[in-house]
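Atoms considered below: every heavy atom in the structure, side chains included; atoms not considered: hydrogens, waters and symmetry mates. Lettering of chains follows the sequences in order, A, B, ..., and the numbering in each one begins at 1.
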Number of protein chains: 2
Amino acid sequence: MEQRITLVTLGVEDLTRARAFFEEGLGWRRAAIDSDAIAFYQCDSVALALFGRTALAEDAGVPDSGDAQGDAFIPVTIAWNGRSEAEVDAAFAEAVAAGAEPLKRPTQVFWGGYSSYVRIPGSEHLLEIAYNPGFALDAAGRVTLP
Amino acid sequence: MEQRITLVTLGVEDLTRARAFFEEGLGWRRAAIDSDAIAFYQCDSVALALFGRTALAEDAGVPDSGDAQGDAFIPVTIAWNGRSEAEVDAAFAEAVAAGAEPLKRPTQVFWGGYSSYVRIPGSEHLLEIAYNPGFALDAAGRVTLP
């Protein structure tokens, strides 16, 4: 897996308040691709997203109360995006071979992409490995939001 | 506050295992500035750090069991770095004026920098606002780890 982070998603309780903080409070500009359910902010080579905490837990397939192994749900995901579904399959296999617990195998998802989740060894943190046809990655792997 | 993320720090239970996953498992290269207590990985314009979960809670001044307001401790911090202590003071004031709960006022810290923490409105997430004399920021605000 190339050394990069594409997206950092914070699961928040009150999306309206969190958006207002970044946009009205700090003056950050939201990307054009967001919706009522999610907001994206381009931060140079990485994107920050604000998403509902419950929705994030559902997306990762980890109950907000924690999973069956007793691991907590941490409402943050770090996403590594590939350039194709094949890159996601390869990166997911590489992460699992390296000891990451598979949480969601690569799957076509409602937003039009292809997404998977693993848990980072030695931690309760979620790593998403995904392909999003709407997020262009340049040769260096930098994401540019529409 | 300029629109950027400088550092994403994951608080982990087992730093040795988490490092081995990224370095031996995925082949990521650690930056030269790390120590036994923290590992840094340059990811284009942002840095990823692995730090002990307990140490991260102590750094933010939030007990791992949560704070007095009943907010949980989420073992991840997003850091916005400025180019000087004065920029940290200004950004901290801006964030608090925008409704962020102040958790730690800008303070000289043991690692030689100047750091503060707020809680992002509408969430339990921690935002660090800091100056690190060892982390050069270029004109665009991109960090380059030594």
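- Contacts with chain A were tallied for B/Gln3, B/Glu24, B/Arg142; B/Gln3 has the most, counting heavy-atom pairs under 4.5 Å.
- Each of A/Leu48, A/Asp44, A/Leu15, A/Val8 has some count of heavy-atom pairs under 4.5 Å with chain B, and the biggest count is that of A/Asp44.
- Contacts between B/Ala95 and chain A at a heavy-atom distance below 4.5 Å involve backbone atoms as well as side-chain atoms.
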Test log, rule salt bridge (charged side-chain N to carboxylate O under 4.0 Å, His left out), inputs A/Glu124 and A/Arg119: CA-CA 6 Å; A/Glu124 294 172 332; A/Arg119 206 181 285 278; over 6 Å; no

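- When heavy atoms are compared at a cutoff of 4.5 Å, B/Ile78 approaches chain A solely by way of its side chain, counted from C-beta outward.
- For chain A, the nearby parts of B/Ala100 are the backbone and the side chain; heavy atoms of each come within less than 4.5 Å.
- Using a 4.5 Å heavy-atom cutoff, the side chains of B/Ser115 and B/Glu128 are in contact.
- Taking the six-membered ring for Trp, B/Phe40 and B/Phe135 have ring centres closer than 6.0 Å.
- B/Gln108 and B/Glu85 get closest at one heavy-atom pair: NE2-OE2, 3.2 Å.
- Highest contact tally toward chain A, considering only B/Val12, B/Leu26, B/Ile120, B/Ile74, is held by B/Leu26 [criterion: heavy-atom pairs under 4.5 Å].
- Of all the listed residues (A/His125, A/Met1, A/Gln42, A/Glu2), the one sharing the greatest number of non-hydrogen pairs under 4.5 Å with chain B is A/His125.
- Under the 4.0 Å criterion applied to side-chain N and carboxylate O atoms, B/Asp64 and B/Arg53 are assigned as salt-bridge partners.
- Using cut-offs of 30° and 60° on the angle between ring planes, the pair A/Tyr41 and A/Trp28 is perpendicular.
- With respect to chain B, the highest number of heavy-atom pairs below 4.5 Å among A/Ala98, A/Ala20, A/Gly27 belongs to A/Ala98.
- Rounded to the nearest 0.5 Å, atoms OG (A/Ser123) and CD (B/Glu13) are 6.5 Å apart.
- Of the residues considered (A/Ala140, A/Gly141, A/Pro121), A/Pro121 shows the highest number of contacts with chain B, using heavy-atom pairs under 4.5 Å.
- Contacts with chain B were tallied for A/Ala72, A/Gly25, A/Ser45; A/Ser45 has the most, counting heavy-atom pairs under 4.5 Å.
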